[in-house]
Amino acid sequence: MGNKLVLIDGNSIAYRAFFALPLLNNDKGVYTNAVYGFTTMLLKILEEESPDHMLVAFDAGKTTFRHKTYEEYKGGRQKTPPELSEQFPVLQDLLDAFEIKHYQLDQYEADDIIGTLAREAEQRGDEVTVISGDKDLLQLVSERVTVRLTKKGITDVDTYTPASLKEKMEIEPSQIIHLKALMGDSSDNIPGVPGVGEKTAVKLLKQFETLDNLYEDLEAVSGKKLKEKLEANKEEAYMSKELVTIEINAPLQMTLQDTSYSGYEASAVKEQFQNLGFSSLLSRIEGHKEEEVEMISVDVKIEETITEDMLMDETALIVEILEDNYHTSPIEAVVLSNEKGVFAFSVEQVMESEIFKAWAADSSKHKWVFDAKRTVVAFKRCGIPLEGVTFDVLLASYLVNPAVNNHDIPAISHRLGETGIPSDEEVYGKGAKRGRPEEDVLYEHAGRKALMLYRLKSNLEDQLKQNKQEDLFYNLEMPLTVILGEMEHTGVRVDTDRLKRMGEELEGRLAEIEKRIYEHAGEEFNINSPKQLGPILFEKLGLPALKKTKTGYSTAADVLEQLSDEHEIIDEILLYRQLGKLQSTYIEGLLKVVHKDTGKVHTRFNQALTQTGRLSSTDPNLQNIPIRLEEGRKIRQAFIPSEAGWVIFASDYSQIELRVLAHMSGDEKLIQSFKDGEDIHTKTASEVFGVSPEEVNADMRRQAKAVNFGIVYGISDYGLSQSLGVTRKAAQTYIDAYFKSYPKVKEYMDDTVRQAKEEGFVETLMNRRRYLPDMNSRNFNRRNAAERTAMNTPIQGTAADIIKKAMIDLAERLTQEDLEATMLMQVHDELILEVPEKEVEHLTKVVKEVMEHTVELVVPLEVDHSYGNTWFDAK
DNA sequence: TGCCCCACGC
DNA sequence: GACGTACGTGGGGCAC
């Protein structure tokens, strides 16, 4: 039985990590980002590969034997930044703690050490895995040698075997050096044949297999220019080949035996991690778990009866529910924590206790909770109205930093250094294994959370204050969560019969289309599988493959649309996709979540998720019900009022983001456009194309609309070029023209980016915050994405703030004016209500007033409305 | 179970 | 030059 050997290209991985991660340093001011990235990769490798032999190879310094061949080898390369060089000794210390061998050899590169050991090991029958970021290493791939190259970041890798190499690059491992010989490598200053890139090189190698064959039969090369270039640069090509060939007989002063690896002492690594400030990695150290962390001690009192003295003015309240969906899952426990202690009850106990119910309904008794909406709705289902919820740890944590993806009590506690509290997953299990534990375990866990919540509250309060987010928290998100809870609890009536009829009709049509597709294809296959569809279209039917994905041919709609004229099957597939989507997601999916008892759908709005401040919606997602295509739009016919004589009423902001942009930038022209009530896309078109508004045709308006869309969503020139189907250059000219026409917008964007760079975050009108750690990244792509986010988030986030405030104001007005109308849904810039038909006129006035004046911007906010017997008819 | 591809909304 | 590109949710296929 062979061994399992892992060889790591130390320089390459450290380099990758350094450029992929922001320039972190620890509390001693020592840079650690490369070490950190390297370590995450290392931990992943140890987990995935469980090697019994291991080595990290490093480059040995400036010159190598290759410089004798070619003095300019690696010339012109940027000097290693000192911030990175200083991390190598740290990294080697850490490897020592892991008890992983590392090695370097004078005059040789890490590649050569790896090549030499890999060849020796595979001859011995070992399984070898090579980890690097350098494609040169691919020449080592064989039946026993797998090469894993970092792709994006450090832990995301592509795995290469002979088969996958052939598939991805269309060549054999042995041809890699020939490939490089022809195309060269600018990063190592390897010349290759000038004018020959990867595409040409692959083509040539497909024809000739090797460099020798190519030069023996140069006449067979098609293209005069190419022939000349090859002829003239023969020497360079052969020298390049020599340079990129990895030495497999390097004079190593070590043997394979020396690489044997048998794990590490957890304590040694832990110590290093603590020195480096890698607290988030501590939990990934094996043995770490066994080392019992001292749990927070909690004295949970389980009482027969609930008495007044347990129910104080300020009490942390935990309602424990095992499943995500609180509309359907039962309450497992109710736990209180306050100055009198921690008390646990069953749901039956609280439902029967008049004392508890009176306390719950008393708004002067302040309850602090985690996830107020969940808590209130769950109680409501049990017939217990809950008032006086004044602090939600979830919402507070979200406002303080929306980028954090886990705001639950154990996670927040961990971040504040309190590790003595296990996560829900650790206590209840996950997936199929999740279940209710023994009563005492359940109560103890909920008790710990209640106790921690009580402590966390003041910490979060401080952070809100520091960020000037108290108003946002207490007067926006907290009141809103109550309203959202009511909307969810109310639910939306669904006409299931209608959905079923639509489903039957679709089924028939899908079957017919399916038949026709099979006829066109000449065989039956799974149309829903891109993996099967790709070869049918691009091999069997010989259609041109315009785009590829990581795993094969792209069959995305935008690709297929370009092929529409080439073959009749294309339109059939597009239609099949369109109808199939309606069937699976919107007909079957919706029917699945209609509540048995109420005949309604009860979505859950996630108020603590998006990075911009928008809501999201799940089970079902009511924010992506089709509207664009008529066929899909009919799904909306199944959303109906819950009572006879009522109608669905929809009200949406017109161009809210662009109005926000006008306000925030102060651009006079943009402001005037809105004041004058102009058609904004036509106006933009006339500006961008330099014509009068009357001269703007439909296509110009369409393009201008995409530009406005791009401005609002912060897409790049590339994104705009994709949506317009023009070149990137053309897209960029549109963007430039836009900024030239609206100079204050450009100024505002630049200011926002500058400020984000300085402060590390951007803010909305109501002080919602988003941190942008990549703002100063040296990685071009990351920095660019961060800059676009900086420009976009204040706009989208402010729009989100505004509609949230409108909802609060509207809820209040509906009560004041004694209207029965009820809010049902929010879809980012629109509100959907149900309302008795006789109230429509009154409601129209109120909704318009509230939504248009919930904030006063320098431009008017405009609201359109409509109503009808179904959501479809409210158009 | 987790990832990929695809598709729906704003 | 940078080769990947708003924010979300969900379904089906597929490899493990």
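We name chains A, B, ... by the order of the sequence lines, and we start the count at 1 in each one. For the numbers below, each heavy atom of this structure counts, side chains included, while hydrogens, waters and symmetry mates do not.
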Check: Q578(A) side chain N/O closer than 4.0 Å to the phosphate oxygens (OP1, OP2) of dC8(B)?
Finding: no
Next item on the list: Using atom CG of N526(A) as one end and atom P of dA15(C) as the other, report the distance to the nearest whole Å.
Entry: 12 Å
Check: Between D424(A) and K430(A), is the closest basic N to carboxylate O distance under 4.0 Å?
Finding: no
Note to self: Using OP1 and OP2 only, check whether a side-chain N or O of N781(A) sits under 4.0 Å from dA2(C).
What the structure shows: no
Next item on the list: Return no unless some side-chain N or O of T549(A) is found under 4.0 Å from OP1 or OP2 of dC5(B).
Entry: yes
Margin query: Between F780(A) and R614(A), which residue's closest nucleotide on DNA chain C lies nearer the 5′ terminus?
Written below: F780(A)
Check: Between dC5(B) atom P and K581(A) atom NZ, what is the distance in whole Å?
Finding: 16 Å
Margin query: Just to be sure I understand the rule, does R577(A) reach a base, reach only the sugar-phosphate, or reach nothing, if contact means heavy atoms closer than 4.0 Å?
Written below: sugar-phosphate
Margin query: Rounded to whole Å, how long is the line connecting atom CG of N621(A) with atom P of dG9(B)?
Written below: 11 Å
Note to self: Whether R783(A) contacts dG1(C) is assessed here as follows: a side-chain N or O lying under 4.0 Å from the phosphate OP1 or OP2. Is that the case?
What the structure shows: no
Check: Side-chain N or O of K550(A) less than 4.0 angstrom from OP1 or OP2 on dG4(C)?
Finding: no
Notebook entry, point to check: Does a side-chain N or O from S554(A) land closer than 4.0 Å to OP1 or OP2 of dC5(B), or not?
Noted result: no
Notebook entry, point to check: Rounded to whole angstroms, how far apart are CZ on R728(A) and P on dG1(C)?
Noted result: 11 Å
Check: Between R728(A) and D717(A), is there a side-chain N and carboxylate O pair less than 4.0 Å apart?
Finding: yes
Margin query: Less than 4.0 angstrom between a side-chain N/O of R788(A) and OP1 or OP2 of dT5(C), yes or no?
Written below: no
Item checked: Between dG9(B) (C1') and N624(A) (CG): distance, integer Å -> 5 Å
